[in-house]
Amino acid sequence: MNILGIETSCDDTGISIIKCKAKNEKRKAIFEVLSNIVSSQTKIHAQYGGVYPMLAKREHEKNLPIVYKTVLKKSFGQKNPQLDLIAVTNGPGLEPCLWQGINFAKKLSKQLKIPAIPVNHIEAHIFANFISKAKNEKRKAKMFPAIALIVSGGHTQLILIKKFGKYKILGETLDDAAGECFDKTARVLGLSYPGGPAIEACASKAKNRGPSSVGLPRPMINQKNYNFSFSGLKTAVLYHYQSQSPKIQKSPEYVRAMAHEIQNAAIDVFLAKTFKAAQEYRVKSIILGGGVTANSQLRKRFKQQAKKSKIKLFVPDKKYSTDNAVMVAITGYFNWLKTKEKIPKSIEAKANLRLK
Ligand code: KG4
Ligand code: ZN
């Protein structure tokens with residue numbers, strides 16, 4: 001079956017078409033990506049240093065029909081398009097943006113006479129790990145129970161996956177998401193938007209890769225719970241920056257050392273909490289997802305620690321760590337298997353949708 005995925009939860013308009021070859025449905029699902037387009041709005045939001053929801057909504061409305069036409073052409077060329085299911089993100093995310101994708105999905109569903117199914121964006125980030133490799137039941141059995149760390153511009157959650165599709169949120173950020181912290185501190189340091197990739201690039205040029213003289217806090221690293229907090233880190237960066245002379249503030253060495261320390265502070269906390277949870281719940285694997293996990297240093301340190309701890313680590317390709325619609329289409333497939341006869345009649349945007 002061919003599945004159309006639609007993602008508009010934040011500032012990326014994503015549409016993809018995947019072909020799902022499944023001999024006996026769940027057992028050996030193999031996904032082939034026929035087309036995948038992410039139309040990014042970063043240039044538009046850069047001037048605000050963050051996503052401006054009503055602008056994002058307007059851009060989605062403008063982009064959706066154009067991107068849809070392009071993915072159809074890429075997937076089917078001159079042939080008649082054949083689509084069997086539509087999967088659309090209905091939360092969590094920015095409500096006006098979610099509605100754009102949902103309304104587009106509903107219109108297509110009517111027009112093509114095919115079902116549309118809602119997808120949780122966080123679950124989609126988890127399922128991004130099923131994209132490149134065909135994962136059959138055997139593999140899934142080896143994967144679960146698992147701990148998933150999902151870190152993006154809007155979310156920071158540590159999730160226990162008891163078995164395929166069964167979730168328990170162990171902890172989450174009490175204030176800012178880690179990606180948001182990268183975006184905001186990058187702005188303080190005069191780096192470009194989005195901040196995550198800018199901080200990574202700048203940090204890689206830092207001379208001293210050892211313990212930093214900047215000394216930022218590792219928020220909540222020693223607390224017994226699995227929650228996170230990143231607003232204190234953001235404030236610490238701001239105060240440190242403001243206490244420097246204008247000459248130092250502008251010096252590349254200072255900015256690089258800061259970027260390096262911000263990145264390390266966040267990674268230290270992620271590593272400590274994730275591996276502690278992995279140990280406590282005796283899981284078979286750790287799963288990463290979300291834009292921040294595109295960070296090379298984060299990937300490297302998780303790989304090293306996983307090897308040491310003899311635990312399997314699943315990380316999506318970088319292009320599938322950040323928002324995309326392939327992960328939405330795949331999640332839609334598994335939702336469809338679960339609900340089939342009971343596909344919800346109406347889909348609603350849920351800004352604070354939570355995994356269950
Ligand atoms: O998952 P995502 O694409 O969108 C949301 O669901 O929010 O994540 C976007 C976030 C942004 O905050 C961006 O700065 C961060 O992911 N990000 C990174 C990197 N690439 C994107 N953070 C650190 N290092 C990166 N290489
Ligand atoms: Zn995301």
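We count ligands from 1, going down the list as the structure has it; atoms in each ligand are counted the same way. Note that these values count all heavy atoms, side chains included, but never hydrogens, waters or copies made by symmetry.
- Ser296 and Glu200 form a side-chain donor-acceptor contact under 3.5 Å, judged by distance and modelled atom types alone.
- Because the distance cut-off is set at 2.8 Å, Cys10 fails to qualify as a neighbour of the Zn ion (ligand 2), as none of its N, O or S atoms comes that close.
- Atoms of ligand 1 found under 4.0 Å from any heavy atom of Gly154 (numbered from 1 in listed order, with element): 7 (O).
- A heavy-atom distance below 4.5 Å is found between the side chains of Ile147 and Leu170.
- Residue contacts with ligand 1 for Asn295 involve both N, CA, C or O and side-chain atoms from C-beta outward (heavy atoms, distance under 4.0 Å).
- Contact check on Arg58 versus Glu61 returns no salt bridge, with no Lys/Arg side-chain nitrogen under 4.0 Å from an Asp/Glu carboxylate oxygen.
- In the model, Tyr167 has no side-chain atom that pairs as donor or acceptor with a side-chain atom of Gln157 under 3.5 Å.
- A donor-acceptor pair shorter than 3.5 Å cannot be found between the side chains of Asp176 and Ser231.
- Between His121 and ligand 1, a contact under 3.5 Å exists for at least one N or O pair.
- Taking only nitrogen or oxygen atoms, main chain and side chain alike, Pro194 does not reach within less than 3.5 Å of ligand 1.
- Residue contacts with ligand 1 include His125, since one or more of its heavy atoms lies under 4.0 Å from the ligand.
- Below 3.5 Å of separation, one finds no N or O of Phe182 facing any N or O of ligand 1.
- Closest to atom 7 (O) of ligand 1 among all protein heavy atoms lies Gly153 N, 2.9 Å.
- For the Zn ion (ligand 2), the N/O/S atoms of His155 include none lying under 2.8 Å.
- Residue Gly290 has no nitrogen or oxygen atom sitting less than 3.5 Å from a nitrogen or oxygen atom of ligand 1, judged on distance alone.
- Residues Leu64 and Leu108 fall within the same hydrophobic cluster, defined by Ile, Leu, Val, Met, Phe, Trp and Tyr side chains chained together at heavy-atom separations under 4.5 Å.
- When only interatomic distances are considered, the shortest N/O to N/O separation between Asp183 and ligand 1 falls below 3.5 Å.
- Across all non-hydrogen atoms, the minimal contact from Cys181 to Leu233 is SG-CD2, 3.9 Å.
- Considering just the N/O/S atoms of Asp323, the one nearest the Zn ion (ligand 2) carries the name OD1.
- Side-chain contact check for Gln82 and Asn80: no donor-acceptor pair (N or O, by modelled atom type) lies under 3.5 Å.
- Each of the atoms 12 (O) of ligand 1 lies under 4.0 Å from some heavy atom of Gly179.
- Annotation: atom 4 (O) of ligand 1 to nearest protein heavy atom, Asp323 OD2, 3.0 Å.
- Looking only at distances, a side-chain donor or acceptor of Asp183 sits under 3.5 Å from a matching main-chain atom of Gly195.
- Expressed to the nearest 10°, the angle at the Zn ion (ligand 2) joining NE2 in His121 with NE2 in His125 is 90°.
- The side-chain hydrogen bond (donor to acceptor under 3.5 Å, both in side chains) test with His60 singles out one residue from Asp12, Thr13, Asp11, and that residue is Thr13.
- For atom 20 (N) of ligand 1, the choice among Pro92, Ser321, Gly196, Gly291 with the nearest heavy atom turns out to be Gly291.
- Near Thr322, meaning under 4.0 Å from one of its heavy atoms, ligand 1 places the atoms 3 (O).
- For Cys10, the closest heavy-atom approach to ligand 1 does not fall below 4.0 Å.
- The only option from Thr331, Asn120, Ile150, Leu288 that meets the side chain to side chain contact (heavy atoms under 4.5 Å, CB included) definition with Ile126 turns out to be Ile150.
- At a cut-off of 3.5 Å, with distance as the only test, a side-chain donor of Ser75 or Ser35 sits close to an acceptor on the other residue.
- Under a 4.0 angstrom heavy-atom cut-off, His155 registers as lying outside contact with ligand 1.
- Every atom of ligand 1 is numbered from 1 in the order shown, and the set under 4.0 Å from a heavy atom of Glu200 is 24 (N), 25 (C), 26 (N).
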